[in-house]
Each structure stands twice: as structure tokens, then as C-alpha cells.
Amino acid sequence: MEINYDEDVSQNPFLEKLRNYYEPTLRLAAHEGWIVCVPRRGTFTKDILYKEDVEEHILIPNYEMSETSFRSLNNKNVKLLNRILTVNYETSDSYSVRLLFEETFYNEGSWKYRIWCIEGPINCESLSSHNHLTTIMNLQDAINLLWSEINEKICNSLELNIKEFQQIYSNIEDTSLETLKDSVFQLYSNCIEMILQDKFNDTSNTSTYLIQNIKIAVETYILHALRKTLQKSISIYMADDDANLNKIIRNLTDLKFDDLGIHLNLRTNIHRGKLELSHIVCYMTVLEKLECLRRSIRYISQGVSSISSDDLLPILVYLVIKTSLSNWIAQITFIKHFRFSACSINESDELAYLTTSLEAAVEYIKSGALMEKNRISQVSDSEQKLQNENEQRTSLDYLFTCITKGDLSEVENLLSSDIINLYNHVPLCHPLCTCESCEVSLAKNRLLNRPTVSSKNEHGSTALHIASFHGKVNIVDYLLNHGADTNITDNDSLTPLHCALMKGHQNIVLLLLHANANPIIVDNYENTALHLASDRGHEGCVKALLYFAEHTNLYLNVNSPNTDGDTPLHRASKWGYLGIIEVLLEYGADCKIKNKWGQTSFDVAQGERVKILLQRIAPNVLVPSTIKVHHSSPILQLSLKTENKIKSKCSSDINITVQINKLFSAISEGDIHLTNYYLGWSNQNEQMTVRSDLCHPLCYCERCAPMHEYSEKKNKIPAAVFNSYNDNGKTVLHIASIVGSLEIIQLLLDAGADVNVTTKFEGHTPLHLACSANKIQAVKIILDCGVCNINAKDFNGDTPLHLAIRNANIRIVELLIRSGANTNIRNLQNVTPRLLLEKQNSKEVIRILKCDSLEIH
């Protein structure tokens with residue numbers, strides 16, 4: 001399921017021709033209650049609407065058979081199932097078209113008739129031959145189309161134009177965004193004009209569909225060729241905007257589904273959609289980025305009939321906040337300004353709709369409305385907890401609610417030791433009773449219901465934690481004056497100082513520091529106070545910590561690593577906080593320190609201005625491929641726990657070959673349990689295992705969010721596993737594809753395995769091997785990955801379609817063709833899949849070729 005396509009059907013050329021030339025037929029359809037099918041704008045390219053075209057697009061309901069059965073005016077049987085119209089469904093010549101949406105129209109006599117807007121003409125023979133070109137989904141599709149539609153001379157001219165542009169505008173990243181956009185658009189226009197003049201003498205009689213596809217292909221090819229320049233330029237322009245957005249996002253990590261009103265039936269696949277959308281930074285063209293966004297929404301909407309715009313916006317807001325990307329503004333700017341191929345035909349298409357929706361989600365986050373809404377939600381949640389009559393009320397709950405609301409007077413009353421109030425709250429036999437029962441009641445009240453400054457809730461939080469987190473400086477001051485422990489920790493080893501730093505309350509940070517709060521204490525993930533302030537973008541808090549340490553002679557290690565090996569500089573670099581980076585570097589932060597993934601601060605920085613700053617401060621920090629390994633740093637003090645981890649890692653590296661061999665064996669036998677074990681996961685679903693110490697399984701509050709992030713990082717499969725070959729030159733994904741183990745294939749793909757990795761000796765991709773092994777379900781999963789190159793060639797020039805045809809597996813052949821496999825690609829023997837299919841000359845083959853709009857010679 002995808003977002004509903006929409007257009008103004010009243011302006012559809014097909015319907016206009018029907019009204020102008022076949023008004024009696026349209027009047028009859030309205031009178032009889034027939035249904036008029038209208039191909040979506042841009043798909044019906046005939047200049048003349050013939051009678052047979054009209055008859056096959058008007059459906060007569062056949063209620064005698066079922067409510068989903070119809071007969072066209074030219075006597076073809078049609079069935080509607082799951083919004084798919086299937087024509088001649090009882091024969092081998094059946095073909096299908098998707099129903100997009102329905103509308104009701106009225107003619108001049110006030111007779112109403114139903115309109116079904118469909119994906120394309122209801123009979124594939126009524127299309128021009130160009131209209132069934134493979135839909136362009138990625139760079140490879142664009143290249144295939146250009147090679148098939150333009151000659152070698154024009155290809156060379158296209159390359160020459162791009163090279164000349166790069167030479168003339170070698171420093172184009174120093175120009176304004178508008179100048180950059182205009183320059184690239186001029187290059188695009190020149191290339192399009194050159195191709196169309198060479199290929200078509202008269203474009204008025206040419207398929208609009210083909211021209212549009214050529215425009216998309218040229219745009220994709222140019223943007224990929226200029227990817228480095230464009231990426232660098234836009235990153236510089238949008239650095240400040242992205243950093244400001246990141247600061248807002250990092251302070252909304254506790255946002256939950258209920259806070260955004262996301263429907264229950266859309267929450268199931270949110271994790272899969274988030275994983276897909278996180279790959280958007282890997283793509284270098286507008287087309288590929290938009291396809292990534294579309295796939296993400298499709299994953300989320302699986303099993304749902306439709307998603308309205310009201311449903312989509314909160315989903316996109318949630319994804320932007322949770323995907324941990326640091327350059328959303330740059331991504332949207334690139335998509336908006338460099339989609340040159342958009343035209344009147346597709347201005348309102350699904351991709352344009354998704355672009356507008358994503359931009360709206362980001363603008364909503366930038367507005368700060370969520371920050372205020374989240375603050376109010378936290379207060380109302382505390383009040384709701386007390387209002388729930390089915391839940392036990394304690395005075396500690398009430399105390400924390402009063403702190404959240406900032407009610408100092410009530411906090412003072414609750415923490416006072418007035419013995420009269422104590423007795424008034426306990427039911428006694430009589431006011432002066434000292435019997436055993438009353439003494440027990442008084443004792444319980446003292447221990448349970450009378451909170452103190454040291455009382456903790458189920459999460460281990462004290463009153464000082466809550467007041468520091470919510471920025472209630474007057475209450476913090478009161479608690480400190482009444483003996484609150486500034487260094488007390490909760491269940492996650494967070495101190496009140498940590499809580500204040502998370503939310504950027506600089507005044508409370510200074511108050512706690514002067515009350516002897518220890519900034520060196522680390523949480524469960526070895527994050528220091530400096531880590532948390534740097535990660536959330538609170539520059540004032542970072543300065544307060546460092547200045548305080550400097551003037552009190554307190555040792556504060558700015559290069560302290562957390563469990564992932566990230567230093568505060570890593571966190572600030574990732575989110576583009578230039579001010580924090582400069583302060584950290586001033587106080588001795590080391591750019592060359594690597595985290596456990598082997599990344600320096602330069603590596604994790606996605607903003608170009610951050611990289612420029614790091615290179616200026618530390619000239620030896622170059623691109624990742626040239627960074628030298630530094631095994632030690634004199635100012636880096638490793639904890640005993642960290643040293644033990646390093647020793648453990650070194651020990652595991654010695655045995656990694658043995659472990660990988662065992663992994664290959666487990667995958668070849670299709671043993672999911674052993675596979676998970678050798679990958680370091682104790683069971684099949686460990687990556688989705690719910691921790692018992694979370695508020696609830698989907699909670700992303702301040703306490704639970706780090707646990708989710710740590711769990712995701714902990715479960716990452718080492719790159720060595722994906723890149724290792726067995727003796728036959730195959731990787732783990734190759735073996736899983738041959739075996740056809742769906743769970744293992746999905747597990748590896750979700751964890752980041754390269755779906756297009758090739759074998760050493762044959763050049764086979766996982767799709768090649770799944771087709772050779774006749775594993776159709778494995779083929780479906782691999783194709784569903786989105787970035788799969790369906791037309792990849794092996795060392796013999798064969799595509800997966802070549803291999804599937806040789807195996808005579810018609811189901812896989814049809815699946816590949818419907819998914820966009822090119823039937824005209826030639827292997828080294830100059831044989832195309834189309835030629836192999838024609839040799840078989842069976843009814844099934846004829847039907848497949850017919851649906852692909854290929855002429856059989």
C-alpha cells in the first residue's frame with residue numbers, strides 16, 4: 001500500500017475527449033449506473049480516442065455473479081479484488097491495472113456517474129509501445145534507458161557537457177544556492193534539448209511518457225555526476241539550519257506515539273520504515289531519495305487500506321525525530337531545488353506529495369510547537385497518574401507532580417515534618433490511641449507515605465532529579481538547602497546534574513556544581529556530563545562545565561569515551577554544533593580519537609562546515625581513507641571496564657575466522673537459531689527484545705531512549721561478517737539466498753548487508769543466486785529491499801532474468817519483469833532475455849511478453 005494518488009479528474013485529457021466526442025455514451029453510462037474508468041493523467045497518449053478505447057473503459061456491474069464482477073462494453077470480463085482490476089481473469093491472457101481512487105460526477109441532466117481513476121489504460125494494447133518502458137527507480141534504470149534510447153554520439157556529448165561544466169564551475173560550492181541551482185538547471189536543459197533534437201524531429205507526435213522518462217533519466221545521471229559538489233555546497237549553506245533543527249530533535253527523544261496521535265494500526269511497522277528512511281543519506285539523486293521515502297511509507301502502511309494526510313504528517317514527524325539523521329534541512333533543500341524533471345503531469349503525483357509532507361513535518365518540528373506540547377504532556381501525564389482511581393496513590397507521586405508543575409509551597413508542605421499533619425492523615429481508633437494497630441499504621445505512613453528529599457520512585461528518581469529535569473530552579477534551591485544529595489543516581493546512573501544538562505538548564509547546572517555535584521560521574525553507558533550536554537546541543541551548559549572545572553582546578557577529561565567509544569567531540573560533530581566543537585577543541589579535544597566503529601569525529605560529521613573546521617584545527621585529519629591509526633593518546637584515561645572491553649575485542653578478533661566459518665555453516669543449513677548465536681544474538685528476535693526496565697515496550701522517554709539506542713548499536717553485525725568470503729567466494733547473504741532462508745535473508749538485509757554484493761568468481765549477486773535456486777520467496781524479499789539492482793550483470797553478462805528463464809521458472813520470470821527487469825539487455829553471447837523467452841513460445845510466455853508490451857517477431 002502507498003499514499004493515495006490524487007489529481008483533478010475533471011481536467012484529465014481522456015475524460016475531456018470522452019465528453020467532447022462520446023457524450024451519448026457517457027449519458028447512457030450515467031443513466032444505467034455504469035462505471036467510467038479514466039487512466040491517470042499522462043498515461044493515455046493517443047491523439048484520437050477510438051470507439052474501442054471507450055468501450056473497454058466503461059464497466060457494467062454484474063450483480064448476478066458478485067459485487068466485484070463487471071463486464072466491459074466490448075464484452076470482456078473484469079474483476080475487482082484488493083483495488084486491482086483484472087481483465088479476462090478466467091483466461092491466460094489476463095492482465096491487471098490498479099484502481100487509484102473513485103469520484104462521482106454529474107452530467108448536464110443531473111444524472112450521476114462513477115469515475116474510477118486507474119493506473120493506466122485498461123488494455124495494455126491501447127498504449128503506445130513507449131509507455132511500457134521500465135519505470136525509472138534508480139541510477140541504474142536511468143543509465144539503461146539512456147543507453148537504449150540515445151546513440152553513442154549523444155552519450156559522448158552528454159559526458160562532454162558534464163565535464164565542461166565541472167571545469168568551468170570548479171568552485172561552484174562557493175556560490176549562492178540560487179546560482180548553483182540555475183547553473184545545474186542550465187546544464188540539464190542543454191542536455192535535454194540536445195537529446196530530443198537528435199532523437200525526435202517532431203516532439204508533438206512523440207510519447208509524453210517517453211520524453212518524461214528521458215528527462216528523469218538525464219536529471220538522475222547529471223545529479224549523480226555532480227554529487228560531491230552539490231552535497232558539499234548544500235551542506236555548507238544549510239549547516240546552521242540543520243544544527244538548530246538537530247538541537248530541537250535531540251531534546252525530543254522522549255516523544256511517544258501517543259504524543260503525536262499515531263494510530264495503533266500504523267505502529268506495527270514503524271521500526272521497519274524508520275530503518276529504511278535512515279538510508280536516505282546513502283542516495284545521491286533526487287529520484288533515489290524520494291523512492292527511499294516512498295518505500296519507508298509503504299513498509300509502515302503494510303496491511304492498511306490507505307493513509308490520509310492527517311495520518312501521514314505525525315508519522316513523518318516521528319520518523320524525522322527518531323532516524324538519527326543530522327542533515328534533514330539539506331536533504332529537503334536538495335530534493336526541492338533539484339527536481340528539474342517535475343512537470344505539469346506529475347506536479348501533484350505521489351512523490352511531490354511526499355516531498356511536501358516531509359517538508360511540512362520538518363517545519364512543524366522547527367516551529368517548537370512540539371517542545372511546548374511535550375512539556376505540557378509531561379505535566380498532564382503526572383496528573384493523570386494521580387487521577388487514575390485504579391492505581392495506588394502515594395504522596396511521592398503527588399510530590400513529583402507538584403515539582404513538575406512548579407508548586408513550591410505544596411512541595412514545602414509535603415516535605416515538612418509537622419507531626420500534626422502526620423496524625424491527621426492516618427485513620428486511628430481515636431486521636432490519642434497508641435494501640436498496636438494504630439502504631440503499625442503510623443509506622444507505615446512514616447515509611448511509605450511521607451516523602452523525603454531522598455525518596456525514590458520506581459525509576460530511582462528523586463525530587464532533585466525531577467526538579468532539575470523540568471528546570472524548577474526555586475525548587476532545586478529549596479531541596480539543596482534541605483539536604484538533597486547532588487550526586488545521587490537513578491536506575492540509569494543519571495545524577496540530577498545529568499538531568500539538568502539534558503534539558504539545557506544552565507542556571508540549575510551552575511547551582512548544582514556549586515553544591516558539589518560531580519561532573520565526572522558516568523551513566524550506564526559511560527556518558528559523562530559533557531557527553532550529554534554536547535549531544536543535546538546546549539552550548540551554554542558545555543561552557544559552564546568547562547569554565548567551572550577550569551576555575552576550580554577540577555580535572556574534566558574532554559576526551560572521555562562512552563560505551564561506543566564516542567567522545568563529546570564525536571557527538572557535537574555528528575549533529576553539527578559548531579560552537580560546541582570550537583569550545584571542545586579549545587579545551588584539548590582530540591579529533592583523531594576513534595570510536596569502537598573505527599570512526600573519528602571527522603568521519604561521523606555529516607556537515608561540510610564541521611569537516612572544514614576540524615581540518616583547519618587539525619590539518620592531519622583528512623578524508624577517512626587517509627587517516628592514520630593512533631593506538632593511544634596521553635590524555636585519554638580508559639576505565640577498567642573499557643580496558644577489559646578492548647582486551648575482549650582483541651581476543652575475539654583472533655577467533656573471528658573460526659566464528660565466521662561456523663556462521664557460514666549455520667546459514668547453509670538454514671538454522672536461524674545458530675545463525676543468531678554466531679552473530680552474537682542469543683535468539684532470533686533479540687534485536688526486538690523488550691527490556692524489562694523500560695516504562696513500556698515502545699517508550700522513548702528520557703530514561704528509555706538511550707536503552708533503545710544502545711540496544712540497536714549493540715546488535716549491529718560487524719562489517720567483517722558481511723565482507724568475508726568463504727572458499728567458494730560467497731558471502732553470508734549469498735549463502736542465505738541459495739538456501740532460501742527468508743528469516744536469515746531479512747535479518748541480514750535489515751542489519752545492513754549489501755544486497756548487490758557479488759561473488760568473487762562468477763560475479764553473481766544474491767538475486768542471481770536466488771533465481772538460479774528457484775527460491776521465489778527469497779527473490780521477493782531481495783527485490784523488496786528497494787536498492788536491489790534488478791539488472792545487474794555477472795561475469796558472463798547474464799542478468800537474474802537470464803538465469804530465471806534458463807531455469808524455466810515462469811513465476812520468477814513474471815515477477816522479475818513486473819518488477820522492472822529489462823528484457824533487452826544482452827549478455828556476452830549477444831543474447832537477450834526476450835530472445836530466450838521467444839524461443840519457448842508457450843502461452844505463459846506470450847502472456848508475459850504481452851503484459852510487458854513487447855512485440856513478438
Side-chain angles (χ1 to χ4, degrees), residues 171-174 227-247 249-250 281-282 324-331 333-334 527-528 530-543 545-547 550 556-562 564-637:
N171 295 320
I172 196 171
E173 62 268 16
D174 299 329
R227 61 192 182 278
K228 292 182 179 179
T229 299
L230 296 178
Q231 183 181 11
K232 182 177 180 180
S233 302
I234 297 174
S235 176
I236 293 174
Y237 298 144
M238 298 298 131
D240 292 336
D241 291 337
D242 268 320
N244 293 333
L245 177 65
N246 291 337
K247 183 174 180 178
I249 289 175
R250 296 306 297 160
V281 295
C282 302
S324 295
L325 297 186
S326 62
N327 58 352
W328 276 112
I329 304 293
Q331 296 291 333
T333 300
F334 177 67
N527 288 307
T528 65
L530 206 52
H531 276 98
L532 298 177
S534 300
D535 183 68
R536 300 302 178 93
H538 301 307
E539 184 178 344
C541 291
V542 172
K543 290 179 178 178
L545 283 169
L546 293 171
Y547 293 170
E550 181 181 13
L556 193 62
N557 185 5
V558 294
N559 293 309
S560 177
N562 61 13
D564 290 324
D566 285 340
T567 65
L569 186 58
H570 278 93
R571 307 310 300 161
S573 298
K574 176 176 174 59
W575 303 115
Y577 305 137
L578 293 174
I580 295 178
I581 293 170
E582 289 178 343
V583 172
L584 292 174
L585 291 172
E586 180 184 346
Y587 277 81
D590 190 348
C591 308
K592 306 181 189 70
I593 294 176
K594 293 187 177 184
N595 61 17
K596 67 183 296 185
W597 316 113
Q599 298 170 315
T600 65
S601 302
F602 184 90
D603 298 331
V604 301
Q606 294 190 26
E608 196 63 34
R609 285 177 62 182
V610 174
K611 295 181 180 180
I612 293 173
L613 175 61
L614 292 175
Q615 283 184 315
R616 188 177 74 243
I617 300 297
N620 292 331
V621 181
L622 303 175
V623 294
S625 60
T626 62
I627 294 177
K628 298 181 180 180
V629 178
H630 292 261
H631 298 286
S632 61
S633 175
I635 61 173
L636 183 63
Q637 296 183 351

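FYI, the numbering just counts along the sequence from 1.
Interatomic distance, CZ of Phe334 versus CD1 of Ile329, reported as 15.5 Å (0.5 Å rounding). Atom CG in Asp240 sits 6.5 Å away from atom CG in Leu578 (nearest 0.5 Å). We find the OG-NZ distance between Ser601 and Lys574 to be 12.5 Å, quoted to the nearest 0.5 Å. Note that CD of Gln331 is 7.0 Å distant from CH2 of Trp328, once rounded to the nearest 0.5 Å. The distance from the CG atom of Leu613 to the CG atom of Leu585 is 6.0 Å, given to the nearest 0.5 Å. One finds the OH atom of Tyr577 at 11.5 Å from the CD atom of Glu539 (value rounded to the nearest 0.5 Å).
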Between Leu530 and Val558, does a side-chain contact (heavy atoms from CB on, under 4.5 Å) hold up when you go through it step by step? CA-CA 7 Å; Leu530 206 52; Val558 294; 3.8 Å; yes
Verdict with supporting geometry, Thr528 and Leu556, side-chain contact (heavy atoms from CB on, under 4.5 Å): CA-CA 10 Å; Thr528 65; Leu556 193 62; over 6 Å; no
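Side-chain atoms of His570 and Ser573 include no donor-acceptor pair closer than 3.5 Å. No side-chain N or O of Asp564 forms a donor-acceptor pair with one of Asn595 less than 3.5 Å apart.
Heavy-atom minimum distance, Ala533 versus Leu545: CB-CD1, 4.5 Å. Annotation for Ser326 and Asn246: closest pair O-ND2, 2.9 Å, computed over non-hydrogen atoms. In plain terms, the two heavy atoms of Ala605 and Val610 that are nearest each other are CB-CG1, 3.5 Å. Across all non-hydrogen atoms, the minimal contact from Pro568 to Ser560 is CD-O, 3.6 Å. Heavy atoms only, all atoms of each residue included: Ile580 and Ser534 are closest at CG2-OG, 4.0 Å.
At least one side-chain heavy atom of Val281 sits under 4.5 Å from a side-chain heavy atom of Asn327. In this structure, the side chains of Ile236 and Ile612 come closer than 4.5 Å at one or more pairs of heavy atoms.
Each of Lys594, His531, Arg571 was compared with Asp566 under the side chain to side chain donor-acceptor pair (under 3.5 Å) criterion, and only Arg571 meets it.
A side-chain donor-acceptor contact under 3.5 Å links Asp242 to the backbone of Ala330. No donor-acceptor distance shorter than 3.5 angstrom exists from the side chain of Asn559 to the backbone of Leu569, with no hydrogens or angles considered.
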